[in-house]
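Encoded as structure tokens, the structure appears first; notes follow it.
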Amino acid sequence: MEGPFPANGRTDCHKNSEVILGIETSCDETAAAVCHRGVILASRVSSQEIHRQFGGVVPEAASREHERWLATIVRGTLEEAGVRPEALEAVAVTRGPGLVGTLLAGLSFARGFASGLGIPSLGINHIEAHIFSCFLGCPELRFPFLCLLVSGGHTQIWEVRELGRYHLLGETRDDAAGEAFDKGARVLGLDYPGGPAIEQAAGGGNPRAFHFPRAFEKNEELAFSFSGLKTALKIAVENMTVEELASRRSDLAASYQQAIAEVLVGKARQASERTGIGTLVIAGGVAANGVLRQAATDAFRSRTVLYPPLALCTDNAAMIAFLGEQYFRTNPSSASSLAVSPNLRLGE
Ligand code: KG4
Ligand code: ZN
């Protein structure tokens, strides 16, 4: 079956290797990957453990860790892929959105590495890469599709028309879904990152035990808000004794997780009805959540719902290398800016 990108099957490029290196350092994952004609040859992600003790990411520590480990991770990834640095055609690197210091660490490394090899660097939008990560596990995916992008910093619904053509249908007014998981976990005395911690704690819990607010649920607007939900959890916990909290933690976690999953899926369904687009992709770290996946699959029974492979939901460089390759083959000038952009939006 023909893929949606001209990259698949093309051979007319400067070097015969057709291999792109991707680098990702937008937050607390140091990652590198190697992509060849839309296929990932190797992908490594090192999650910085240093932040666990603080319950969140400490920007200065994150930048330092990237600087410390990037060369080792890139070398290991190239070795695993069986690719010599000289065989690379280009280096794709995240330029935003993200933390300014961590983005700078990745961009400086990528520019130095690429210029040493005499090859171009491509600046990639992290959000756009999350959207495209689904192609890596689902080659049957075709434009147009809807993308529910749910990460630590973003909760948005995009209409994805083709590479470089996107329309924002709705987004959160305050916290992102991942942020709601992280803040909720802190309230419940669970570890960072909060998403996996809440999902684990919710196992065996009753998702209907507590009724938490679902903002904009009955509203036509494609908008999200999670700050009220977090406050409701906080109030519920404050009204409990230590023993009560210990015995009801899994019910609280399950009910909180359910509220997040239901609003996300409800709005994705509204977006599908409004646009007439029947394919939904869920991407970003929160897409790893099993309850969200099940709720979306149930709600989209007569339509299609797709997710990236589990390992590619959270931050990784495979998605950066993959998107970098698409731009390198089709429109490299649109990825030529290497300016760090912590608040980069899609379409800028
Ligand atoms: O995409 P990502 O790795 O980084 C950003 O670009 O922000 O997303 C990280 C977010 C965190 O807030 C984390 O708690 C959440 O994704 N997350 C999850 C799960 N795994 C990661 N949320 C819910 N369930 C999970 N299993
Ligand atoms: Zn991300």
Side-chain angles (χ1 to χ4, degrees), residues 22-31 33 43 45-48 51-52 55-57 59 62 93-99 102-103 106 124-134 147-156 158 171-172 175-188 190-203 205 207 224 226 229-230 253-254 256-265 281-296 307-320 322-323 342-346:
I23 292 176
E24 155 63 33
T25 61
S26 67
C27 192
D28 59 339
E29 259 92 26
T30 314
S43 172
V45 180
S46 169
S47 299
Q48 302 175 352
H51 308 289
R52 273 187 192 272
V57 177
V93 58
T94 306
R95 77 172 187 96
L99 299 168
T102 62
L103 289 167
I124 298 298
N125 183 318
H126 179 88
I127 296 306
E128 191 178 4
H130 268 304
I131 293 175
F132 278 74
S133 63
C134 204
C147 180
L148 173 64
L149 178 82
V150 275
S151 69
H154 294 79
T155 295
Q156 300 173 323
W158 289 95
E171 65 183 330
T172 184
D175 293 348
E179 202 176 351
F181 272 108
D182 294 335
K183 288 178 174 173
R186 210 174 307 163
V187 172
L188 290 170
L190 300 168
D191 268 353
Y192 173 85
I198 287 192
E199 184 167 16
Q200 198 184 4
F224 303 95
F226 294 105
L229 171 66
K230 175 202 63 195
Y256 189 77
Q257 174 175 252
Q258 187 69 29
I260 296 176
E262 276 180 21
V263 289
L264 292 175
V265 171
V281 160
I282 309 185
V286 180
N289 188 275
V291 169
L292 173 63
R293 286 179 174 227
Q294 191 55 54
Y307 327 87
L310 216 49
L312 301 185
C313 288
T314 46
D315 288 349
N316 64 86
M319 64 185 192
I320 306 298
F322 178 81
L323 185 58
N343 300 313
L344 186 63
R345 304 264 307 175
L346 210 49

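All heavy atoms count here, side chains included; hydrogens, waters and symmetry mates do not. Nothing fancy with the numbering, it's 1 onward along the sequence. Order of appearance sets the numbers: ligands from 1, and atoms from 1 within every ligand.
- Protein heavy atom nearest atom 23 (C) of ligand 1, with residue, atom name and distance: Gly195 CA, 3.4 Å.
- Using a cut-off of 2.8 Å, one finds that His130 contributes an N/O/S atom close to the Zn ion (ligand 2).
- Remark: the backbone N or O of Met319 is paired with a side-chain donor or acceptor of Asn316 at under 3.5 angstrom.
- If you number the atoms of ligand 1 from 1 as listed, the ones under 4.0 Å from a heavy atom of Gly153 come out as 7 (O).
- Under a 4.0 angstrom heavy-atom cut-off, His130 registers as being in contact with ligand 1.
- In terms of N/O distances under 3.5 Å, ligand 1 is not approached by Pro193.
- Contact atoms of ligand 1 toward Gly194: 14 (O) (distance under 4.0 Å to a heavy atom of the residue).
- Atom numbering of ligand 1 starts at 1 in the shown order; those under 4.0 Å from a heavy atom of His126 are 6 (O).
- Electrostatic pairing of Arg345 and Glu171 counts as a salt bridge here, judged by a charged N lying under 4.0 Å from a carboxylate O.
- The distance from ligand 1 to the heavy atoms of Gly178 drops below 4.0 Å at these ligand atoms: 12 (O).
- The protein heavy atom nearest to atom 2 (P) of ligand 1 is Asp315 OD1, 3.3 Å.
- Nearest-heavy-atom check against atom 20 (N) of ligand 1 across Ser26, Pro196, Ala180, Gly284 picks out Pro196.
- Below 4.0 Å from some heavy atom of Asp182 lie the following atoms of ligand 1, by number and element: 11 (C), 12 (O), 13 (C), 14 (O).
- Annotation: atom 24 (N) of ligand 1 to nearest protein heavy atom, Asn289 ND2, 3.0 Å.
- The Zn ion (ligand 2) is closest to atom OD1 of Asp315 (considering only N, O or S atoms).
- Between Glu29 and ligand 1, not a single N/O pair is under 3.5 Å apart.
- Each of the atoms 5 (C), 7 (O), 8 (O), 9 (C), 10 (C), 12 (O) of ligand 1 lies under 4.0 Å from some heavy atom of Gly152.
- The atom of His126 nearest to the Zn ion (ligand 2) is NE2, with the search restricted to N, O or S atoms.
- A cation-pi arrangement is absent between Arg186 and Tyr192 under the rule of less than 6.0 angstrom and at most 45 degrees off the ring axis.
- For atom 17 (N) of ligand 1, the nearest non-hydrogen atom of the protein is Gly285 O, 3.5 Å.
- Residue Thr314 approaches ligand 1 through these ligand atoms, each under 4.0 Å from one of its heavy atoms: 3 (O), 21 (C).
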